[in-house]
S.K.: 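Here's a structure for you.
Residue numbers start from 1 in every chain, and the chains themselves are labelled A, B, ... in the order their sequence lines are given, proteins ahead of strands. Values in this document were obtained by computation on a predicted structure and should not be read as measured data.
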Number of protein chains: 2
Amino acid sequence: MLPVEIHGVRCWVKAENLQPIGAFKIRGAWNRLSALSDEERKNGVVAVSSGNHAQGVAWAAKRLGIPAVIVMPRNAPKVKLDATRAMGAEIVLYNRPGEDRDEVAAREVGERGAVLVHAFGDPWVIEGQGSIGIEAEAQLGRAPSSFIACCGGGGLAAGLALACPKAAIHVVEPEGWDMVGQAIAKGEIVHVGEDRRLTICDALQPDATKPINLAVLKDRAETGVVVSDVDVRNAQRFAFSKLKLVVEPGGAAALAAALAGKVAIDEDTVIVLSGGNVDPDAFAQTIVGEG
Amino acid sequence: MLPVEIHGVRCWVKAENLQPIGAFKIRGAWNRLSALSDEERKNGVVAVSSGNHAQGVAWAAKRLGIPAVIVMPRNAPKVKLDATRAMGAEIVLYNRPGEDRDEVAAREVGERGAVLVHAFGDPWVIEGQGSIGIEAEAQLGRAPSSFIACCGGGGLAAGLALACPKAAIHVVEPEGWDMVGQAIAKGEIVHVGEDRRLTICDALQPDATKPINLAVLKDRAETGVVVSDVDVRNAQRFAFSKLKLVVEPGGAAALAAALAGKVAIDEDTVIVLSGGNVDPDAFAQTIVGEG
């Protein structure tokens, strides 16, 4: 972890953009794939992802010798599509919005007899993402008081909640995509509306959370926090200039919430910088302030 | 340290851009300033630097309550000038080329009765930079086989040579600024010629090395390696896309040499990424390939 000073408070960032695939998703994917039986490994796995879970599954599959099919949106960042393909995974593209990615994945699973590795609604995946919490506690030398984590479907947040039972869990979502925050508030799963708002956080656009994530988070996560594209770009610039880290929009959402004063922090707060897979053109525009 | 794969070999990078001031210079500066006597502390310190040693001295001086005057080139990156000023140091500007920075510094030292903290020709500074070697060995769990380090005046290289007596030391300098490589080859100090070539490595433009650095390096450093601006920009792009790290031109010189195949690497090689203080416009141009 790296120290960071925000509004005069020195707290911590967990720089998951430094993982081999540039994102924390390697943790859950490895945990799931390495637990497959020999029989399951033969028919391979199918995953649905805008790019980071895709790379995590492709990375683990390559090392374990498991065939992997990844269902990805046609408009995913090129850096993520290229990296997933380069790791040897078979890619099936779908149109976002329009096609139902879960239907596309179900078809692939059916045809191949493969195991679906869900990006967040999977107990092994949740456990794997939770290793961030175990590590953070070991590195800090004590239990973190709170985690600030970006949230797509709630896999990371649920993992942290289980790994660190005493820590407050702050769930940060992009404007218009706070399906987890809304689900926690209502106590039931909420689906994204028809008016899907544009967001630069390509990694944080789930249609809805899953029952397992809601079950873990409903009594644990603090009220959902929402960040704007402006908040996120400010955080990417902060990470560039102060931390010397390349962070993608979704990966900067938690930092964005802290910098915007939307979440309370103390010296035992851990902010997860969840990924750094961003196209050069987009990153260049952001750091020069044009984005 | 972070693992990195270069031409099929998995070796290591020491990411000194993640230091609080964004560069390794914090090590030598802290080691020198914290060793000053109470009497010496009163009159303060003077340093000459294009920006990273400046920030290191300013950072240490602020924490130790020591007045600091930093002599900086008027054309230093704005990010370095601003950061040094923000840490409370008094800045004296000089013109590069034209004015003799050592004369400017000597005048300040004389007027104030201050201690000169030389950026590389100082035993405490060299010892401090060498802590990179001690740490690398502890993190690797064995002695590194070799270090690839950028080289301005030779403070970092000399520190590594003393800290890890069995490691090969590869000294990497920008084209036209290989005063240390030439000095090692000739066995005597070599001054930069009148035709000062332009380089994007603002941190690696010494007029000459110093006797203490040459004394340490002459029987230890491998033949000097020279990198071009093109090599350096390629390395900055590699650090951006593969490592998710922001590295300034001079900070990427060692990685540039490895990527360009100019230095042999093995699995116990440690490449020092020495700093990440780069203006956003310059970094944006580099990553989109326009620089």
S.K.: What part of Val278(A) lies closer than 4.5 angstrom to a heavy atom of chain B: side chain, backbone, both or neither?
M.R.: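 For Val278(A), the contact with chain B is made by backbone and side chain together.
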
S.K.: Which residue, Asn17(A), Leu18(A), Val246(A), forms the side chain to side chain contact (heavy atoms under 4.5 Å, CB included) with Leu245(B)?
M.R.: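 Considering Asn17(A), Leu18(A), Val246(A), a side chain to side chain contact (heavy atoms under 4.5 Å, CB included) with Leu245(B) is found only for Leu18(A).
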
S.K.: Hey, what do you get for CD1 (Ile287(B)) to CG (Asp281(A)), rounding to the nearest 0.5 Å?
M.R.: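 The CG atom of Asp281(A) is 8.0 Å from CD1 of Ile287(B), to the nearest 0.5 Å.
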
S.K.: How long is the gap from CG on Asn277(B) to OG on Ser241(A), to the nearest 0.5 Å?
M.R.: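 One gets 10.0 Å once the value is rounded to the nearest 0.5 Å.
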
S.K.: Once you measure the plane-to-plane angle for Phe283(B) and Phe283(A), does it fall in the parallel (<30°), tilted (30-60°) or perpendicular (>60°) bin?
M.R.: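 The arrangement is perpendicular - the two ring planes meet at more than 60°.
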
S.K.: If you count heavy-atom pairs under 4.5 Å with chain A, which of Lys244(B), Lys242(B), Glu248(B) comes out on top?
M.R.: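 Counting heavy-atom pairs under 4.5 Å, the top option is Lys244(B).
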
S.K.: Measure Leu2(A) against the heavy atoms of chain B and call it side chain, backbone, both or neither at under 4.5 Å.
M.R.: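 Answer is side chain: those atoms of Leu2(A) sit under 4.5 Å from chain B.
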
S.K.: Taking CD in Glu267(B) as the centre, count heavy atoms belonging to other residues, nucleotides or ligands within less than 6.0 Å. Is the count above 12?
M.R.: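 Open: at most 12 neighbouring heavy atoms sit under 6.0 Å from CD of Glu267(B).
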
